[in-house]
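Take a look at the structure set out below.
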Amino acid sequence: QVQLVESGGGSVQSGGSLRLSCAASGYTYSRYYMGWFRQAPGKEREGVAGIDSDGKARYADSVKGRFTITQDNAENTLYLQMNNLKPEDTSMYYCAARRGSLAWWAPLLPTYFAYWGQGTQVTVSS
């Protein structure tokens with residue numbers, strides 16, 4: 001049974017940093033594509049960053065240069081380092097997994113991911 005557990009959220013001031021973690025279990029981590037998504041109240045869930053088993057990453061334009069997605073395959077853990085946080089980054093952040101790969105041309109959409117964590121809240125104050 002696939003299980004994803006996020007941690008690391010919290011409240012920070014604008015310009016601050018947070019590091020989110022996602023502990024994965026119940027499957028062969030390296031055979032899945034991993035992603036971070038976020039959803040603010042009243043808004044649709046959006047893709048933030050994704051990474052394949054070889055470490056190739058992609059990012060939403062809104063976070064490029066500020067967020068970094070990494071993974072530790074040996075520890076089955078996904079990370080999201082978030083720097084220079086802005087109030088508009090305030091959201092619930094979710095870790096997600098997709099069996100296999102995600103084509104480079106495919107958008108980072110929630111519908112492509114079958115497995116989800118419970119989320120961790122990030123709040124950025126101005």
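Quick note: numbers below take in every heavy atom, side chains included, and nothing from hydrogens, waters or symmetry partners. This is a predicted model, so every value here is computed, not measured.
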[X] versus [Y], closest heavy-atom pair with distance:
X   : Y    : result
M92 : Q121 : SD-N, 3.5 Å
A60 : G47  : CB-O, 3.4 Å
S14 : S126 : CB-CA, 4.1 Å
T77 : S21  : CG2-CB, 4.4 Å

Hydrophobic clusters here meaning ILVMFWY residues chained together by side-chain heavy-atom distances under 4.5 Å, can you tell me if [X] and [Y] are in one?
X    : Y    : value
Y79  : L85  : no
L18  : F67  : yes
Y115 : Y27  : yes
M34  : V63  : yes
L102 : L109 : yes

request  = Check step by step if side chain to side chain contact (heavy atoms under 4.5 Å, CB included) holds for Y33 and S53.
outcome  = CA-CA 6 Å; Y33 188 95; S53 57; over 6 Å; no
inquiry  = If I take atom NZ from residue K56 and atom CZ from residue R58, how far apart are they, to the nearest 0.5 angstrom?
reply    =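 Separation between the atoms: 8.5 Å.
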task = Could you tell me if the ring centre of F37 sits under 6.0 Å from that of W116?
result =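 Ring-ring flag for F37/W116: true, centres closer than 6.0 Å.
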Any donor and acceptor pair, going by atom type alone, linking the side chain of [X] with main-chain N or O of [Y] inside 3.5 Å?
X    : Y    : answer
E6   : Q118 : yes
T120 : G9   : yes
Q71  : D52  : yes
R66  : S62  : yes

ask   = With the threshold set at 4.0 Å, does a side-chain nitrogen-carboxylate oxygen contact exist between D89 and K86?
value =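 K86 and D89: not salt-bridged.
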request  = Using the side chain to side chain contact (heavy atoms under 4.5 Å, CB included) rule, take R19 and L80 through it: C-alpha gap first, then chi angles, then the decisive distance, then the call.
outcome  = CA-CA 6 Å; R19 188 193 196 201; L80 185 67; over 6 Å; no
inquiry  = Is the shortest side-chain heavy-atom distance between V122 and L20 below 4.5 Å?
reply    =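 Side-chain contact under 4.5 Å: yes.
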query = With sequence neighbours left out, what residues match D54 under salt bridge (charged side-chain N to carboxylate O under 4.0 Å, His left out)?
reply =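 Scan of D54 (salt bridge (charged side-chain N to carboxylate O under 4.0 Å, His left out), adjacent residues dropped) gives none.
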key: Counterpart residues, side-chain contact (heavy atoms from CB on, under 4.5 Å), relative to S17 (two or more places apart)   =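 Partners of S17 by the side-chain contact (heavy atoms from CB on, under 4.5 Å) criterion, ordered by chain and then number, come out as Q81, N83.
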key: Pairwise side chain to side chain donor-acceptor pair (under 3.5 Å) hits with a residue in residues 90-113, at least two apart   =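 Matches after skipping sequence neighbours: Y32-R99, R38-Y93.
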request  = Evaluate the side chain to side chain contact (heavy atoms under 4.5 Å, CB included) criterion for residues T68 and T70: first the C-alpha distance (whole Å), next the side-chain angles of each, then the deciding distance (0.1 Å), finally the verdict.
outcome  = CA-CA 7 Å; T68 304; T70 57; 4.0 Å; yes
key: Option from L108, V48, I69, I51 for which side chain to side chain contact (heavy atoms under 4.5 Å, CB included) with Y59 holds   =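 Testing Y59 for a side chain to side chain contact (heavy atoms under 4.5 Å, CB included) against L108, V48, I69, I51 leaves exactly one candidate, I69.
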